Amino acid sequence: MTIYVCLHCEYRFDSEKGDPAYNIPAGATPADMPDDWVCPECAALGIEAFIAEEE
């Protein structure tokens with residue numbers, strides 16, 4: 001399982017589960033998001049705002 005964490009606000013989502021509250025589908029990673037995607041909690045722009053943590 002991989003958890004993606006925003007470097008700015010520490011918002012987290014599990015790639016296996018996604019985040020239905022923010023329309024992030026199960027199996028998605030930040031690399032799957034559109035170029036203009038932002039963190040749903042703090043609006044940090046792009047996949048560079050996220051790091052992967054293995055659990």
Side-chain angles (χ1 to χ4, degrees):
M1 162 174 45
T2 303
I3 304 292
Y4 290 93
V5 182
C6 177
L7 295 169
H8 300 276
C9 72
E10 298 184 5
Y11 164 76
R12 304 165 72 84
F13 77 90
D14 179 338
S15 63
E16 288 181 12
K17 297 177 184 174
D19 190 340
Y22 293 111
N23 294 320
I24 299 172
T29 69
D32 298 324
M33 305 303 180
D35 291 339
D36 61 349
W37 185 72
V38 297
C39 173
E41 290 288 317
C42 73
L45 181 62
I47 64 172
E48 298 81 21
F50 283 82
I51 59 168
E53 290 183 352
E54 299 294 327
E55 295 245 345

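The structure displayed is predicted, hence computed values, not measured ones.
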Any side-chain heavy-atom pair from [X] and [Y] closer than 4.5 angstrom?
X: Thr2; Y: Thr29; value: no
X: Phe50; Y: Ile47; value: no
X: Ile3; Y: Val5; value: yes

List the atom of [X], the atom of [Y], and the distance in Å for their closest heavy-atom pair.
X: Ala28; Y: Phe13; result: O-CE1, 3.6 Å
X: Leu45; Y: Asp35; result: CD1-O, 4.3 Å
X: Glu41; Y: Cys9; result: CB-SG, 3.7 Å
X: Ala26; Y: Glu16; result: CB-O, 3.2 Å
X: Glu10; Y: Arg12; result: O-CG, 3.2 Å

Run the side-chain hydrogen bond (donor to acceptor under 3.5 Å, both in side chains) test on Glu53 and Tyr4 for me, step by step, so that the C-alpha distance in whole Å, both residues' side-chain angles and the decisive distance to 0.1 Å come before the verdict. CA-CA 6 Å; Glu53 290 183 352; Tyr4 290 93; over 6 Å; no

Supply the atom-to-atom distance Trp37 CH2 to Ile24 CD1, rounded to the nearest 0.5 angstrom.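 Separation between the atoms: 5.0 Å.
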
